[in-house]
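When a ligand or atom number is given, it counts from 1 through the structure's own listing order.
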Amino acid sequence: EAPRRWALRGDLLDFTAAPRWGDTESPAVRFDRDHWLLIEDGRIVGRQAQAPDDSWVRKDHAGQLVLPGFIDTHVHCPQLEVIASYGTELLDWLQRYTFPAERAFADPARSHAGAAVFLDALLASGTTAAVVFPTVHKVSAEALFTAAAARGMRLITGKVLMDRHAPDGLRDDVAQAERDCVDLIDRFHGQGRNAYAVTVRFAPTSTPEQLAMAGALCRADASLFMQTHVAENRAEVAWVAQLFPDARSYLDVYERVGLVHERAVLAHGIWLDAVDKSLLARRGAQVAHCPSSNLFLGSGLFDWPGAQEAGFPVSLASDVGGGTTLSLPRNMGDAYKVQALRGERLTAWVALHAATRGAAEALHLGGEMGSLSPGCMADLCVWDWAHGPVAEARDAVARELHERVFAWMTLADERNLAACYVAGRQQV
Ligand code: GUN
Ligand code: ZN
């Protein structure tokens, strides 16, 4: 059990605002070397240079990096075991690997075991909150909510809606899906740190009638989240144009039914045009950028600076099993390489902010998580600045803060994780 009052010593790093693209020195960065974070009843209540008095249990992580827990805004629980599957792009990959794996989650025992393994793997990677796709099966969402509550994690999920273009055992129908959503919302949405997301897999696997039902759920309750995929792969975009000839664009399929709103999380968004981008900004909807997945599935190179120009939020996500790692630092390293291929440069500040405060604020949860500010839940991770001789040698010669943190983000993974706390309780 966690002590009621405890204090953590380390190098505290978080953000007070959004850093500007390209700034390696930024007023938005808050770095307090060798400071103490005070935690009471699972919440951060203070940060200070001097050691607290003896009424506080002390955990001394001097010389280690303390960051807010990472927020993975797009990841698939049932796809852990198809991670690293060879040889295909999105549409073939779904048919050949992903759909068969998801069918197994019809079994409640498989759903519950899968949820536990998955959330423990997120925590072991330094991710303390997530927006998660389960499967079409109601029990797969129940299992995630239950397992997240047991760990104290902020979890946003909802049963996947798919009533066409999917194999037997993976399709629902509009009426039953609506009843399942309503029941799950009643039982889990707003309970503790659980929240419901209306979860449309992607436009091709829902009929227009099911999309309309999903939009009606969102319109009836503005506190609901929405998650889906958009404009990931060129063949997918062409298929959507064929299936929805009246829509102006892929994003417009969702917009017309009321699914693009301020609690919407749209994964990928690689093949969006200027009208789409300004719509996202107007609605306050976020794109979950999934660099590891986009590289692995050969989907394309996301225009991150274009998103900043258009003014819509970008968060960072693993998209496992399309992505090849749950580690958000490794995804930051991939995100840098994606921008490098576009002739752009991603700073450590923009990357880290997207995985912490930026994601939290885009989800309207900035008062709860994403920074090391008094009032936030104590969702935080302690990291070794370097793991192994190569990273240690690199860290030793880093001069200014951005150089050091950039090398960390490029080289770190779950082996750097020294401890992980969720709502003040140690989980790793
Ligand atoms: N589009 C529809 N379903 C999926 C999925 O499971 N993964 C990815 N990356 N894209 C999708
Ligand atoms: Zn995905």
Which side-chain N or O atoms in residues 195-203 pair as donor and acceptor under 3.5 Å with protein atoms at least two apart or in another chain?
residue : atom : partner : partner atom : Å
Tyr196  : OH   : Lys159  : N            : 3.1
Thr199  : OG1  : Gly158  : O            : 3.2
Thr199  : OG1  : Ala197  : O            : 2.7
Thr199  : OG1  : Gln227  : NE2          : 3.0
Arg201  : NH1  : Glu102  : OE1          : 2.8
Arg201  : NH1  : Glu102  : OE2          : 3.4
Arg201  : NH2  : Glu102  : OE2          : 2.9

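Between Phe70 and Trp383, the gap from one ring centroid to the other is short of 6.0 Å. Less than 6.0 angstrom separates the ring centroid of Tyr336 from the ring centroid of Phe406. His74 has its ring centre less than 6.0 Å from the ring centre of His268.
Around the Zn ion (ligand 2), the protein contributes the following N, O or S atoms under 2.8 Å, ordered by chain and number: His74 NE2, His76 NE2, His229 NE2, Asp319 OD1.
Ligand 1 is surrounded by His76, Gln79, Leu90, Trp93, Leu94, Arg201, Phe202, His229, Glu232, His268, Asp319, each with at least one heavy atom closer than 4.0 Å.
Contacts of Arg164 classified as side-chain hydrogen bond (donor to acceptor under 3.5 Å, both in side chains), with partners at least two apart in sequence or in another chain: none.
Using a 4.5 Å heavy-atom threshold, the side chains of Leu144 and Cys77 count as touching.
Under the 30°/60° scheme for interplanar angles, the aromatic rings of Phe133 and His229 are found to be tilted. Taking the six-membered ring for Trp and thresholds of 30 and 60 degrees, Trp304 and Trp21 have ring planes inclined between 30 and 60 degrees apart.
Considering Val253, Leu280, Val230 in turn, Leu280 is the only one that fulfils the side chain to side chain contact (heavy atoms under 4.5 Å, CB included) rule with Val260.
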